[in-house]
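Just the heavy atoms: all of them, side chains too, but no hydrogens, waters or symmetry mates, feed the values below.
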Amino acid sequence: MKKLLNPLKDIVKLSSLFFFLFIFKTFAQTDELKEIGFEKIELKSKSDTIVFIKSINKENKPKPVILFLQGSLPLPIVFKDEDGIFVSLPFKTTDYLSEYNLILISRKGIPFIGEFQEHSRGYKDKNGNVPIEYIKNDNLTYRTNQASEVVNFLYTQKWVDKKAIYIIGHSEGYRVAANVANKNKKIAKLVCLSADPFNRAAEEVLKIRIESFEKNTDSISQHTIESLTTDYLNIKNIAEYKSDFELYNWASYDEKLIYEIFKDVKIPILVAYGTNDLAAVHNDLLPFILKGKKDFFVKVYPDYDHNFFKNEYDKEGKFLEKSYNWDIVFSDIVNWLQKKKENKER
């Protein structure tokens with residue numbers, strides 16, 4: 001993730017928890033966010049303050065919006081290290097600053113800026129804990145409302161092309177983006193990346209079943225699968241869980257099957273994922289489940305993993321390295337966003 005405007009040198013930095021966070025960055029001459037082409041905005045209401053960054057639109061002319069929703073890690077949206085500051089976007093932003101307004105929303109309770117060396121695997125306070133404000137608001141309901149409020153604000157701005165507000169969600173952001181697009185009719189196109197189109201429980205069921213094939217543990221695995229299934233079927237009114245933050249987080253994401261949301265969304269949808277990502281395997285079923293749905297497209301990347309890395313091998317089959325392919329994927333996404341409505345099923 002990462003970008004800078006002036007003297008360029010792209011660097012990839014790795015961090016991991018549920019997935020790898022990579023940062024392409026170029027060096028800035030100062031520690032000012034504006035020096036790397038972004039600025040900070042705060043939306044304040046009586047009950048909340050939403051912080052996000054937007055790319056600077058110097059001409060103040062209407063341009064399309066790309067709102068990127070990241071995954072589940074409690075990460076700052078801007079990092080700093082000994083070389084300067086850089087934003088937590090996984091693609092080379094310099095390629096898109098002139099044509100798009102790029103938007104990235106800060107996670108509730110997580111500082112806007114963090115130290116890369118200390119916080120790139122997830123922010124924790126001085127006591128080693130994830131902030132309680134993050135835990136309280138780490139659910140589909142809040143993230144959907146938060147992103148929708150940002151969309152509503154963007155829609156009122158002169159520098160936004162109101163007919164071209166696009167939302168892209170990766171990993172946990174896949175589910176958030178789908179939910180926002182279903183609720184907020186200001187969204188023009190939806191892109192969902194690298195997650196299960198059912199829910200988290202279905203993703204776990206698949207992982208457990210595959211593991212049972214490998215370890216011959218069918219009896220034990222079946223018990224776990226039945227427990228997961230029962231828990232899902234017993235979800236009723238998720239508001240009943242609000243006093244238990246972790247339980248509410250789980251219920252908010254597992255209550256809805258995302259492919260059912262896809263059925264209701266009226267705008268063009270692109271789902272993209274790598275074949276080396278077990279969390280995304282169920283997307284293979286979408287053409288069957290959503291047969292006949294118009295303006296629905298699936299893009300599959302053979303050998304790419306959850307964050308679009310690919311294992312590279314020599315002619316003898318010896319592993320060489322992992323290649324980073326977010327820029328390839330994002331370029332494909334932008335090309336799709338730029339296409340006029342095709343009204344075709346894919």
Side-chain angles (χ1 to χ4, degrees), residues 1-3 10-25 68-75 79 87-93 95 104 116 120-122 168-178 190-215 253 258-259 269-287 297-336:
M1 328 204 30
K2 59 8 80 190
K3 76 142 255 59
D10 287 336
I11 292 181
V12 178
K13 291 190 175 181
L14 168 68
S15 92
S16 66
L17 186 42
F18 298 109
F19 61 89
F20 294 108
L21 166 68
F22 265 70
I23 294 173
F24 280 92
K25 82 177 182 86
F68 187 89
L69 300 177
Q70 67 273 53
S72 59
L73 288 176
L75 296 170
F79 281 108
V87 300
S88 299
L89 285 167
F91 50 89
K92 189 184 298 182
T93 57
D95 294 343
L104 183 63
F116 181 80
S120 61
R121 285 179 168 80
I168 301 172
H170 176 256
S171 195
E172 182 180 278
Y174 176 120
R175 300 177 174 97
V176 181
L190 166 65
V191 180
C192 293
L193 309 172
S194 303
D196 194 292
F198 290 79
N199 59 11
R200 289 173 171 175
E203 176 185 331
E204 284 302 308
V205 166
L206 177 63
K207 290 178 180 178
I208 292 167
R209 184 65 77 198
I210 291 176
E211 185 178 85
S212 74
F213 294 157
E214 298 171 346
K215 297 183 179 180
Y253 282 106
I258 301 304
Y259 77 82
I269 302 171
L270 172 65
V271 174
Y273 57 100
T275 60
N276 194 24
D277 179 11
L278 194 54
V281 168
H282 279 145
N283 287 295
D284 287 341
L285 302 179
L286 289 176
F297 303 85
V298 173
K299 177 69 174 177
V300 184
Y301 293 90
D303 303 316
Y304 287 14
D305 69 10
H306 190 68
N307 254 324
F308 306 120
F309 285 93
K310 179 182 178 181
N311 291 337
E312 303 290 351
Y313 301 89
D314 63 18
K315 294 180 180 179
E316 284 71 42
K318 181 180 179 181
F319 174 76
L320 297 175
E321 63 181 357
K322 285 181 174 287
S323 61
Y324 186 76
N325 299 289
W326 251 109
D327 286 321
I328 294 173
V329 173
F330 199 77
S331 177
D332 290 343
I333 291 170
V334 170
N335 288 337
W336 179 81

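Between atom CD of residue E204 and atom CG of residue N199 there is a gap of 10.5 Å, rounded to the nearest 0.5 Å. A distance of 5.0 Å separates CG in D314 from CG in L320, rounded to the nearest 0.5 Å. Summarising the geometry, atom NZ belonging to K322 is positioned 4.0 Å from atom CG belonging to N311; distances are rounded to the nearest 0.5 Å. The line from CD1 of I168 to CG of L270 is 9.0 Å long, rounded to the nearest 0.5 Å. Taking CG of N335 as the start and CZ of F330 as the end, the distance is 10.5 Å to the nearest 0.5 Å.
Between G71 and S171, the shortest heavy-atom distance links the atoms CA-CB, 4.1 Å. Nearest heavy atom pair, residue H306 against residue S194, reads CE1-O, 2.8 Å.
For the residue pair Y324 / N307, no side-chain donor-acceptor distance below 3.5 Å is found, with atom types taken as modelled.
Residues D196 and R175 form a side-chain contact, since some pair of their non-hydrogen atoms from C-beta on lies under 4.5 Å apart. Taking 4.5 Å as the limit, some side-chain heavy atom of L193 sits within range of a side-chain heavy atom of W326. Side chains of E316 and Y313 form no contact here, defined as non-hydrogen atoms less than 4.5 Å apart. Between W336 and V191, the closest side-chain pair of non-hydrogen atoms falls below 4.5 Å. Put simply, the side chain of I258 does not reach to within 4.5 Å of the side chain of Y253, judged on heavy atoms. Between F91 and T93 there is a side-chain heavy-atom pair separated by less than 4.5 Å. In this structure, F308 and I328 have side chains that are not in contact, with every pair of non-hydrogen atoms separated by 4.5 Å or more. Residues F68 and P90 form a side-chain contact, since some pair of their non-hydrogen atoms from C-beta on lies under 4.5 Å apart.
Without hydrogens or angle criteria, N283 side chain to A280 main chain gives a donor-acceptor distance under 3.5 Å. Panel note: side chain D303, backbone K310; no donor-acceptor pair is recorded below 3.5 Å.
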How far apart are the C-alpha atoms of L286 and Y259, what are their side-chain angles, what is the distance that settles it, and do they pass the side-chain contact (heavy atoms from CB on, under 4.5 Å) test? CA-CA 8 Å; L286 289 176; Y259 77 82; 3.9 Å; yes
Verdict with supporting geometry, Y273 and D284, side chain to side chain donor-acceptor pair (under 3.5 Å): CA-CA 9 Å; Y273 57 100; D284 287 341; 2.5 Å; yes
For L75 and S88, what are the C-alpha separation, side-chain angles and deciding distance, and is it a side-chain contact (heavy atoms from CB on, under 4.5 Å)? CA-CA 8 Å; L75 296 170; S88 299; 5.5 Å; no
Working note: F198 + L206, criterion side-chain contact (heavy atoms from CB on, under 4.5 Å); need CA distance, chi angles, decisive distance, verdict. CA-CA 11 Å; F198 290 79; L206 177 63; over 6 Å; no
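When each of D332, T275, N325 is paired with Y301, the side-chain hydrogen bond (donor to acceptor under 3.5 Å, both in side chains) condition holds for D332 and for no other.
By the 4.0 Å N-to-carboxylate-O rule, E203 lies close enough to K207 to be salt-bridged with it.
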